[in-house]
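Each chain gets a letter, A, B and so on, in the order its sequence line appears, and its residues count up from 1.
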Amino acid sequence: MKSKLVLHNTLSRTREEFVPYDPPFVGLYVCGPTVYGEPHLGHARSAITFDVLFRYLKYSGYRVRYVRNITDVGHLQNDADEGEDKIAVKARLEQLEPMEIAHYYTESYHRAMDALGVLSPSIEPRASGHIIEQIELIKRIFEHGFAYENNGSVYFDVEAYDRRHNYGRLSGRTLDETVAGTRTLDGQDEKRAPYDFALWKKAAPEHIMHWPSPWSEGFPGWHLECSAMSTKYLGERFDIHGGGMDLMFPHHECEIAQSVAASGHDAARYWMHNNMITMEGRKMGKSLGNAISLSEFFAGSHPLLQQSYSPMTIRFFILQAHYRSTLDFSNEALQAAEKGLDRLMKAVATIGKIKPAAASTVDVTALERDFREAMDDDINSPVAMAVLFEWVKVINQLHDGAGTISAADLATLKQTMEQIVGDVLGLRDEGAASNDSLIAPLVEMALEAR
RNA sequence: GGUCUGAUGGCCGAGCGGUUAGGCAGAGGUCUGCAAAACCUCGUACAGCGGUUCGAUUCCGCUUCAGACCUCCA
């Protein structure tokens with residue numbers, strides 16, 4: 001654990017040395033999916049990014065509690081309309097219970113994550129199971145004077161908050177800019193200011209998901225769950241908060257405001273944001289209608305896909321780019337990833353076929369050293385992969401008889417390589433029999449959906 | 001309109017003030033009975049225009065283009 005991990009902190013916009021509050025313990029919170037639709041490539045990017053961070057922190061000797069939520073209450077689509085809940089809308093359309101939908105897509109998400117080799121987090125709390133905690137949080141915000149009630153709904157008073165603290169620190173905007181960016185002023189809104197956001201919404205009669213509260217029968221606001229659940233499981237102060245860049249504003253900004261309003265100080269110390277996956281240069285997303293679901297990738301059942309792509313190919317593809325860069329999807333890039341992965345995994349297997357010699361012509365300690373150096377540099381997975389490929393070449397050379405390696409070094413090489421590839425990067429050999437059973441239900445589902 | 005980010009060889013994608021990123025594709029070669037695999041060799045990429053500098057793809061300015069956020073979104 002003597003690594004000097006450096007992370008890019010969105011809050012400071014700089015690279016900072018990672019120093020946990022209470023080493024060797026690390027608290028990590030990442031925004032999980034809203035389970036109202038099929039998980040797509042974008043979900044994979046976020047999950048894999050923080051899965052590798054989780055794995056690398058553990059590899060570095062930290063004891064990590066990783067919390068990743070499931071949003072099953074849904075978020076408001078538009079605060080200008082009646083407060084439609086995404087999950088409720090879909091439920092009505094399909095004549096299902098909201099929780100049935102949430103459960104279905106949660107299962108789907110879990111299957112996809114298993115296939116992708118994404119480890120289960122330490123805790124995976126659901127928003128619907130933490131209504132009480134969210135109500136308590138609202139009360140605290142009320143007590144500190146940063147909330148107001150109107151007609152059964154409770155709103156966060158951004159202006160009052162901004163006078164004492166700085167609203168917009170994370171996304172780098174001022175309140176004035178936020179005002180300027182507000183598009184339509186919804187006439188008879190209950191909010192005092194357009195940038196105020198809901199902490200509790202009174203449920204309209206047609207709204208299916210609702211819970212009792214001191215203010216009304218209703219449901220919690222968009223940003224509350226993460227504040228409530230991170231505090232509950234990681235404490236008022238924890239180390240890292242992650243999520244997609246698209247969540248930076250308003251979601252994470254509001255989270256910070258809620259935490260500070262309730263406790264007087266920041267909750268998370270390091271904010272990390274993974275960038276988007278693009279398709280022909282445009283963000284891939286459900287709302288844009290250009291998202292390809294993970295099961296479609298596994299089955300090859302989307303019109304834009306020339307073939308099926310295995311979960312490990314997807315993982316390798318994502319790892320080949322730095323998490324803060326956009327990553328452009330294409331069949332060509334995926335096919336390149338598929339072949340690269342194959343070569344890497346073959347080389348790992350080749351280690352076992354190398355015959356040891358009396359002395360080594362290679363320095364096996366360089367592998368781990370160089371790998372760590374890359375990972376310590378803001379989780380630079382593409383460089384880490386390049387290090388791996390240097391060793392792919394060395395392994396093949398040794399196997400071909402160009403150079404020699406001692407028995408001890410060979411054992412070290414094997415162990416290190418397997419640890420890095422398998423335990424830290426989470427890549428497994430797809431030849432393994434277990435793989436088919438992991439994606440079979442997903443493939444079936446994707447094919448049925450056609 | 002406001003805020004911000006990016007533009008790297010055929011594709012994907014790192015990086016840095018002067019030295020090979022890496023993967024895939026392509027060319028030549030070695031090995032092999034053929035093939036495959038593997039290995040060796042090969043590409044004078046850094047949007048354009050200025051500036052700073054002994055030297056810039058890397059720093060600064062401008063231009064063009066692209067994208068993200070400002071509404072739910074990984």
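- Pairing partner, B:rA21: none, since no Watson-Crick or wobble contact has both distances short of 3.5 Å.
- For B:rG23, one of the phosphate oxygens OP1 or OP2 lies less than 4.0 angstrom from a side-chain nitrogen or oxygen of A:Arg343.
- As the counterpart of B:rU5, B:rA66 is assigned, both hydrogen-bonding distances of the Watson-Crick or G-U wobble pattern falling under 3.5 Å.
- For A:Gln320, no side-chain nitrogen or oxygen approaches OP1 or OP2 of B:rC24 to under 4.0 Å.
- Look at A:Asn396 and you'll find a side-chain N or O under 4.0 angstrom from OP1 or OP2 of B:rC39.
- Comparing A:Ala336 and A:Arg324 by the nucleotide of RNA chain B whose heavy atom lies nearest to each, the residue mapping closer to the 5' end is A:Arg324.
- Below the 3.5 angstrom threshold, one finds no donor paired with an acceptor across the side chain of A:Lys393 and the base of B:rC39.
- A cation-pi geometry, defined here as NZ or CZ lying under 6.0 Å from the six-membered ring centre and within 45° of its normal, does not hold between A:Lys58 and A:Tyr56.
- Not a single donor-acceptor pair under 3.5 Å links the side chain of A:Asn69 to the backbone N or O of A:Pro125.
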TODO: Check the pair A:Arg15, A:Leu7 against side chain to side chain contact (heavy atoms under 4.5 Å, CB included), reporting the backbone distance first and the verdict last.
DONE: CA-CA 5 Å; A:Arg15 298 149 48 81; A:Leu7 298 173; over 6 Å; no

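- Remark: A:Asn275 is not in phosphate contact with B:rA74, judged by side-chain N or O atoms under 4.0 Å from OP1 or OP2.
- Comparing A:Lys339 and A:Arg13, the nucleotide of RNA chain B nearest to each residue sits closer to the 5' end for A:Arg13.
- As rounded to whole Å, 16 Å separates atom P of B:rC24 from atom CG of A:Leu319.
- For the OP1/OP2 pair of B:rA74 and a distance below 4.0 Å, the side-chain nitrogens and oxygens of A:Thr34 include at least one atom meeting the criterion.
- Between A:Arg45 and the phosphate of B:rA74, there is no side-chain N or O to OP1/OP2 separation shorter than 4.0 Å.
- Side chain of A:Glu332, nearest nucleotide from B:rA74, B:rG10, B:rC73: B:rG10.
- Base pairing of B:rU71 is not made with any nucleotide, judged by Watson-Crick or G-U wobble geometry with both donor-acceptor distances under 3.5 Å.
- B:rU32 makes up no base pair with any nucleotide shown, lacking Watson-Crick or G-U wobble contacts both under 3.5 Å.
- B:rA14 is unpaired under the Watson-Crick or G-U wobble criterion, no partner having all donor-acceptor distances under 3.5 Å.
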